[in-house]
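A short write-up of the structure that comes next.
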Amino acid sequence: MHEAAQENPFPDSRVLGEGPRPHPWLDPVLPLLGRWQGEGRGEYATLEQGFRYRQEITFSHDGRPFLCYEARAWLIDESGAAVRPSGRESGWWRVTPDATLEVLLAHPTGIVETYVGRAAGAECEMETEGVARTPLAKEVTGTRRHYAVRDGDLTVTQFMAAVGQPMQRHLTARLRAVPTL
Ligand code: HEM
């Protein structure tokens with residue numbers, strides 16, 4: 001005999017004023033809350049040429065002192081037309097009372113990253129403490145990220161040390177807040 005499914009009584013919210021009240025420790029990262037979409041450019045020393053992509057990022061919370069994070073990107077051509085799915089990641093942004101960030105991100109490419117960073121004035125900076133890789137994953141040894149919300153835009157930059165290369169820029173994107181579904 002199957003029990004009837006129940007509506008989760010503790011839904012996530014990505015809109016301020018809807019759902020649970022954000023935990024006070026989340027104050028420094030509240031500007032990130034919501035759904036963002038925009039375009040970025042990528043590069044790396046091992047690649048013959050750069051690339052363009054669109055990316056969608058959502059940040060939500062359930063009243064506890066962490067954000068639920070999800071990001072999906074797809075490559076686009078010069079005219080902006082979609083080419084193929086690309087980088088995808090999900091994880092948790094834990095925030096402490098002194099605005100230290102502890103971030104966990106998992107990638108379908110066999111990589112799990114743990115970061116430590118800081119949130120201040122609508123900007124977040126973080127650097128990897130650890131990178132774990134499955135046997136077939138590419139050799140990524142460290143990553144640095146910067147997120148900034150300014151005038152309704154979210155800019156995201158990512159530097160990476162990987163495949164024998166020193167830390168260098170891989171991604172830069174500018175996203176705008178979009179209405180939640
Ligand atoms: C917006 C997200 C991302 C996009 C659009 C993106 C896109 C790309 C593209 C187009 C390439 C060239 C190879 C290919 O065509 O697939 C590439 C290479 C690579 N990316 Fe990313 N990437 C993203 C995020 C990441 C992240 C988060 C990591 C690390 C955790 C990463 C690590 C790498 C590595 C290691 C390579 C291979 C370099 C090489 O072997 O030459 N990427 N990326």
Side-chain angles (χ1 to χ4, degrees), residues 12 14 16 22-45 47 50-62 64-73 86-109 111-133 137-178:
D12 279 351
R14 50 191 185 191
L16 274 181
H23 192 285
W25 295 359
L26 290 188
D27 280 358
V29 294
L30 282 184
L32 293 169
L33 212 58
R35 177 170 164 234
W36 304 85
Q37 199 186 101
E39 278 191 22
R41 288 184 180 276
E43 61 203 295
Y44 209 63
L47 305 179
F51 53 88
R52 286 178 61 190
Y53 62 94
R54 273 195 86 77
Q55 187 174 34
E56 182 164 309
I57 300 182
T58 57
F59 290 94
S60 58
H61 75 99
D62 67 4
R64 289 181 286 173
F66 58 83
L67 295 174
C68 173
Y69 165 89
E70 178 155 21
R72 297 184 71 171
S86 188
R88 183 168 187 175
E89 58 193 23
S90 62
W92 312 100
W93 287 41
R94 290 154 47 79
V95 188
T96 71
D98 70 354
T100 297
L101 297 173
E102 294 187 351
V103 176
L104 300 90
L105 297 181
H107 307 268
T109 48
I111 293 167
V112 174
E113 298 169 300
T114 57
Y115 290 85
V116 173
R118 284 203 67 72
E123 288 194 38
C124 298
E125 268 192 302
M126 62 182 85
E127 183 156 3
T128 42
E129 276 259 307
V131 182
R133 307 189 304 263
K138 289 244 182 184
E139 189 217 11
V140 174
T141 51
T143 315
R144 243 183 18 231
R145 293 180 181 224
H146 180 259
Y147 295 76
V149 178
R150 209 167 292 129
D151 303 328
D153 283 348
L154 169 64
T155 55
V156 183
T157 47
Q158 186 178 316
F159 292 76
M160 169 174 88
V163 293
Q165 299 295 318
M167 187 74 80
Q168 61 193 268
R169 188 186 296 264
H170 185 35
L171 306 161
T172 312
R174 181 177 292 257
L175 292 75
R176 287 200 77 82
V178 288

Query - Under 3.5 Å side-chain donor-acceptor pair for H107 and E113 - result: yes
Query raised in the report: Is it true that a side-chain atom of E123 and a backbone atom of G121 form a donor plus acceptor pair closer than 3.5 Å?
Result: no
Requested in this report: To the nearest 0.5 Å, tell me how far M167 CE sits from T128 OG1.
Outcome: 5.5 Å
Query - Ionic contact status for E127 with R145, cut-off 4.0 Å - result: no
Query - Note: R52-E39 ion pair, threshold 4.0 Å (strictly below) - result: yes
Report task. First locate atom CG of L67, then atom NE2 of H61, and finally report the distance between them rounded to the nearest 0.5 Å. Result -> 8.0 Å
Report task. Identify which one of F66, W25, Y115, F59 satisfies the ring-ring contact (aromatic ring centres under 6.0 Å, His included) criterion when paired with W93. Result -> F59
Query raised in the report: What distance do R176 atom CZ and D153 atom CG have between them, rounded to the nearest 0.5 Å?
Result: 4.5 Å
Query raised in the report: Going through the checks in order, is the side-chain contact (heavy atoms from CB on, under 4.5 Å) test met by L32 and Y69?
Result: CA-CA 10 Å; L32 293 169; Y69 165 89; over 6 Å; no
Query raised in the report: Just wondering, do R169 and T157 contact through their side chains at under 4.5 Å, heavy atoms?
Result: yes
Requested in this report: Using distance alone, with no hydrogens and no angle criterion, decide if R54 and Q37 have a side-chain donor and acceptor under 3.5 Å apart.
Outcome: yes
Report summary line: When rounded to the nearest 0.5 Å, the distance separating CG of L33 from SG of C68 is 10.5 Å
Query - Lys/Arg-Asp/Glu bridge criterion (N-O < 4.0 Å) met for R118, E125 - result: no
Query raised in the report: Any side-chain donor paired with an acceptor under 3.5 Å for E43 and H170?
Result: no
Query raised in the report: Would you call V131 and I111 a side-chain contact if the rule is heavy atoms closer than 4.5 Å?
Result: yes
Query raised in the report: Tell me, do Y44 and V163 make a side-chain contact under 4.5 Å, heavy atoms counted?
Result: yes
Query raised in the report: Any side-chain heavy atom of L105 sitting closer than 4.5 Å to one from V103?
Result: yes
Query raised in the report: How long is the span from the CG atom in L154 to the CZ atom in R174, to the nearest 0.5 Å?
Result: 9.5 Å
Requested in this report: Count the heavy atoms of every other residue, nucleotide or ligand shown that sit under 6.0 Å from CZ of R133, and state whether that count exceeds 12.
Outcome: yes
Query raised in the report: Distance from R88 atom CZ to T109 atom OG1, nearest 0.5 Å?
Result: 12.0 Å
Query raised in the report: Any side-chain heavy-atom pair from E56 and L175 closer than 4.5 angstrom?
Result: no
